[in-house]
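Data first, discussion second: the structure below is written as structure tokens.
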Amino acid sequence: MKLDSTFYRRDDVVQISRELLGKVLCSRTKGAVTKAVITETEAYAGVGDRASHAWGGRRTKRTEPMFREGGTAYVYLCYGIHHLFNVVTAETGTPHAVLVRAGQPLEGIELMKKRRGRGATDRTLLSGPGSLAQAFDITTKASGTSLLGNRIWIEDHGIEFDENLIATGPRVGVDYAGEDAARPYRFLVRHDPAPTRE
DNA sequence: CGAATGATATACT
DNA sequence: GTATATCATTCGA
């Protein structure tokens, strides 16, 4: 079933980040549907988190979707090449978000390979936030889209990973964030066939 | 290991 | 309005 607003609008973004493991990310473009089981996430805890784009309450045209109600998509371009997909959580005005970093392909695999091109194998298809967004055809144009609609959404297929399969650690690529860089806000499934990095 | 690559934020004139 | 530094990464050598 599709996750509804009660899932997204809770305040504990770290808890939501953990719960998103095993959920199924779905996208539909031009009638074609692609789905994947989420296996890696990172939490970005709003104004008090130096690693977040919304740190200190920075509200700009780019970060505006993060301040909307939980259940909104926040997508932005990084390093001039990669689109990164985030799930906005909490109530309106609280810019919490969860970065989806990796997943296991479930449906529309051939289409994902076609979008990724060249050396994309089952292993590398969704390994990393930039790759995942590319495979799902998610770009900055999708930023601000509601996850309750039929363009991008998340389903619960009843998949549960055992507690000891879940690894927790510091987030990737946020060394600039000072002490906040060390926070254990990263969640991933061990021995995932589509890992990003250990 | 390091280049690629462009939108965005911020600091200027 | 213009300039410049920076970036929640990826891929190929």
Side-chain angles (χ1 to χ4, degrees), chain A residues 13-18 20-21 25 36 38-68 70 72-90 94-105 112-145 147 152 154 167-189 192-198:
Chain A
V13 65
V14 177
Q15 173 68 20
I16 293 175
S17 193
R18 163 70 180 79
L20 278 175
L21 296 180
L25 176 65
I38 297 171
T39 56
E40 181 174 354
T41 61
E42 283 179 3
Y44 285 83
V47 298
D49 183 356
R50 203 161 163 18
S52 170
H53 290 160
W55 172 63
R58 269 183 15 233
R59 184 167 188 159
T60 65
K61 187 177 180 184
R62 178 178 64 149
T63 63
E64 199 275 332
M66 284 217 277
F67 288 82
R68 302 223 205 127
T72 301
Y74 169 51
V75 186
Y76 77 99
L77 189 68
C78 190
Y79 297 106
I81 307 171
H82 308 288
H83 298 269
L84 273 59
F85 170 71
N86 298 249
V87 176
V88 175
T89 72
T94 304
H96 289 178
V98 177
L99 171 67
V100 179
R101 294 187 56 86
Q104 296 175 344
M112 293 191 217
K113 282 183 180 171
K114 189 178 173 185
R115 287 180 184 141
R116 296 272 289 112
R118 300 198 50 180
T121 65
D122 287 354
R123 269 173 60 90
T124 62
L125 199 54
L126 303 175
S127 60
S131 303
L132 182 139
Q134 185 181 26
F136 274 81
D137 198 25
I138 295 173
T139 67
T140 53
K141 288 180 185 173
S143 196
T145 302
L147 299 178
I152 304 168
I154 300 175
T168 305
R171 292 168 293 187
V172 173
V174 294
D175 294 343
Y176 61 88
E179 296 181 1
D180 288 334
R183 297 204 210 184
Y185 283 1
R186 179 179 182 222
F187 300 91
L188 68 112
V189 179
D192 185 72
T196 53
R197 63 183 86 168
E198 288 297 328

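In what follows, chains carry the letters A, B, and so on, assigned in the order in which the sequence lines appear, proteins first and then strands, with residues in each chain numbered from 1. Scope of the values below: all heavy atoms of this structure, side chains included, with no hydrogens, waters or symmetry mates.
- Remark: P of dA8(C) and CG of Leu84(A) are 9 Å apart, rounded to the nearest angstrom.
- Backbone-only contact: Arg62(A) has heavy atoms under 4.0 Å from sugar-phosphate atoms and none from a base.
- Judged by centroid separation below 5.5 Å and plane tilt below 30°, Tyr44(A) stacks onto the base of dA8(C).
- For the pair Arg58(A) and dT8(B), the criterion of a side-chain N or O lying under 4.0 Å from OP1 or OP2 is not met.
- Inspection of the Tyr74(A) and His53(A) side chains reveals an N or O donor paired with an N or O acceptor under 3.5 Å.
- Going from atom CD1 of Ile81(A) over to atom C1' of dT6(C) covers 14 Å, rounded to whole Å.
- Paired runs in DNA chain C that reach 3 or more consecutive Watson-Crick or G-U pairs, where each pair keeps both distances under 3.5 Å, cover B:1-4 with C:9-12, B:6-12 with C:1-7.
- Considering only side-chain N and O atoms, Arg101(A) lies under 4.0 angstrom from the phosphate OP1 or OP2 of dT9(C).
- The backbone N or O of His96(A) sits nowhere less than 3.5 Å from a side-chain atom of Tyr44(A) that would complete a donor-acceptor pair.
- The separation between Glu42(A) atom CD and dC7(C) atom P is 16 Å, rounded to whole Å.
- The residue among His82(A) and Thr140(A) whose nearest nucleotide of DNA chain B lies closer to the 5′ end is His82(A).
- Side-chain atoms of His53(A) and base atoms of dA8(C) include a donor and an acceptor less than 3.5 Å apart.
- Distance alone, capped at 3.5 Å, is enough to place a donor-acceptor pair between the Thr60(A) side chain and the Arg62(A) backbone.
- Between Pro129(A) and His82(A) the shortest side-chain heavy-atom distance does not fall below 4.5 Å.
- With 3.5 Å as the limit, one finds no donor-acceptor pair spanning the side chains of Gln134(A) and Arg115(A).
- In this structure, His83(A) places its NE2 atom 14 Å from C1' of dC7(C), rounding to the nearest Å.
- Rounded to whole Å, atom P of dG6(B) lies 15 Å from atom NZ of Lys141(A).
- Note on Arg183(A): every side-chain N or O is 4.0 Å or more away from OP1 and OP2 of dA8(C).
- Inter-residue side-chain proximity for Phe187(A) and Val14(A) is flagged as met; some heavy-atom pair is nearer than 4.5 Å.
- Ion pairing between Arg171(A) and Asp180(A) fails under the 4.0 Å rule for side-chain N and carboxylate O.
- At the heavy-atom level, Ser131(A) lies under 4.0 Å from the strands shown only through sugar-phosphate atoms.
- One interatomic measurement links the two molecules: CD of Gln134(A) to P of dA4(B), which rounds to 19 Å at whole-angstrom precision.
- Regarding contacts with the backbone of dA7(B), every side-chain N or O of Tyr79(A) stays at 4.0 angstrom or more from both OP1 and OP2.
- Note: OH (Tyr176(A)) to P (dT8(B)) measures 16 Å, nearest angstrom.
- Side chain of Ser52(A) to main chain of Asp49(A): no donor-acceptor pair is present (N/O by atom type, distance under 3.5 Å, no hydrogens or angles).
- Using a 4.0 Å heavy-atom criterion, one finds that Leu77(A) contacts the sugar-phosphate atoms exclusively.
- If you take CZ of Arg123(A) and P of dT10(C), they are 15 Å apart, rounded to a whole angstrom.
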